[in-house]
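For reference, the structure is listed below as structure tokens.
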Amino acid sequence: FPYTTLFRSCDDADDWYLDGYATARSFPNHKEKLYNARVQYCEKFMNVDQQYIDQWNEGFNVYGKVEQLPSSDTPVEE
């Protein structure tokens with residue numbers, strides 16, 4: 001499997017968000033597998049609160065929204 005995540009900080013909500021975003025960008029078809037790997041790893045060190053789960057999902061889901069925004073070279077009507 002080509003993707004290995006270094007879970008730098010299990011108790012850092014921003015890290016969970018960025019991991020979800022990176023998964024959506026690079027490996028969206030492996031969402032469940034990568035999410036479960038993150039949770040299982042972090043459960044060795046702490047209880048994984050809902051806030052971290054929410055952050056991971058928000059990061060994953062926001063990637064699609066970012067992709068739909070107009071690029072900087074797209075004319076914007078005023």
Side-chain angles (χ1 to χ4, degrees):
F1 191 63
Y3 181 63
T4 58
T5 301
L6 297 176
F7 304 126
R8 299 192 187 278
S9 183
C10 287
D11 63 348
D12 181 351
D14 289 336
D15 193 61
W16 282 79
Y17 178 92
L18 293 172
D19 190 47
Y21 185 90
T23 299
R25 183 188 70 226
S26 300
F27 304 102
N29 295 332
H30 299 288
K31 175 184 179 181
E32 187 173 329
K33 182 177 183 174
L34 294 173
Y35 167 79
N36 287 334
R38 172 91 191 219
V39 171
Q40 289 172 2
Y41 175 83
C42 288
E43 283 179 337
K44 294 177 186 177
F45 308 104
M46 59 181 264
N47 289 327
V48 177
D49 295 333
Q50 187 65 42
Q51 70 169 335
Y52 302 116
I53 294 167
D54 292 344
Q55 285 294 98
W56 196 96
N57 284 312
E58 185 176 334
F60 187 92
N61 292 331
V62 80
Y63 178 76
K65 293 175 186 172
V66 169
E67 287 299 292
Q68 295 172 8
L69 294 175
S71 65
S72 60
D73 58 347
T74 302
V76 177
E77 294 182 25
E78 295 183 16

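Index from 1, following the sequence. Just so we're clear, the structure is a prediction, and the values are computed from it rather than from any experiment.
- Of all non-hydrogen atoms in Val39 and Val48, the two that sit nearest each other are O-CG2, 4.1 Å.
- No more than 12 heavy atoms of other residues, nucleotides or ligands sit less than 6.0 Å from atom CG of Asn47.
- Side-chain N or O atoms of Asp49 include none that pairs as donor or acceptor with a backbone N or O of Gln51 at under 3.5 Å.
- Note that CG of Asn36 and NZ of Lys33 are 10.5 Å apart. Values are rounded to the nearest 0.5 Å.
- Seen from the ring of Trp56, Arg38 does not count as a face-on cation partner, given the 6.0 Å and 45° thresholds.
- More than 12 heavy atoms of other residues, nucleotides or ligands sit less than 6.0 Å from atom CD of Gln50.
- Between the side chain of Asn61 and the main chain of Asn57, a donor-acceptor pair closer than 3.5 Å is present.
- With contacts defined as side-chain heavy-atom distances shorter than 4.5 Å, the pair Ser9/Trp16 does not qualify.
- The closest side-chain heavy-atom distance from Asp11 to Phe45 is not below 4.5 Å.
- Put simply, CG on Asp19 and CZ on Phe60 are 11.0 Å apart, with the number rounded to the nearest 0.5 Å.
- Taking OH of Tyr41 as the reference point, atom SG of Cys10 lies at 5.5 Å (rounded to 0.5 Å).
- A distance of 11.5 Å separates CG in Asn29 from OG1 in Thr23, rounded to the nearest 0.5 Å.
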Decide side-chain contact (heavy atoms from CB on, under 4.5 Å) for Tyr52 and Met46; before the verdict, give the C-alpha distance in whole Å, the side-chain angles of both, and the deciding distance to 0.1 Å.
-> CA-CA 11 Å; Tyr52 302 116; Met46 59 181 264; 3.3 Å; yes
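- In this structure, OH in Tyr17 is found 8.0 Å from CD in Gln55, a value given to the nearest 0.5 Å.
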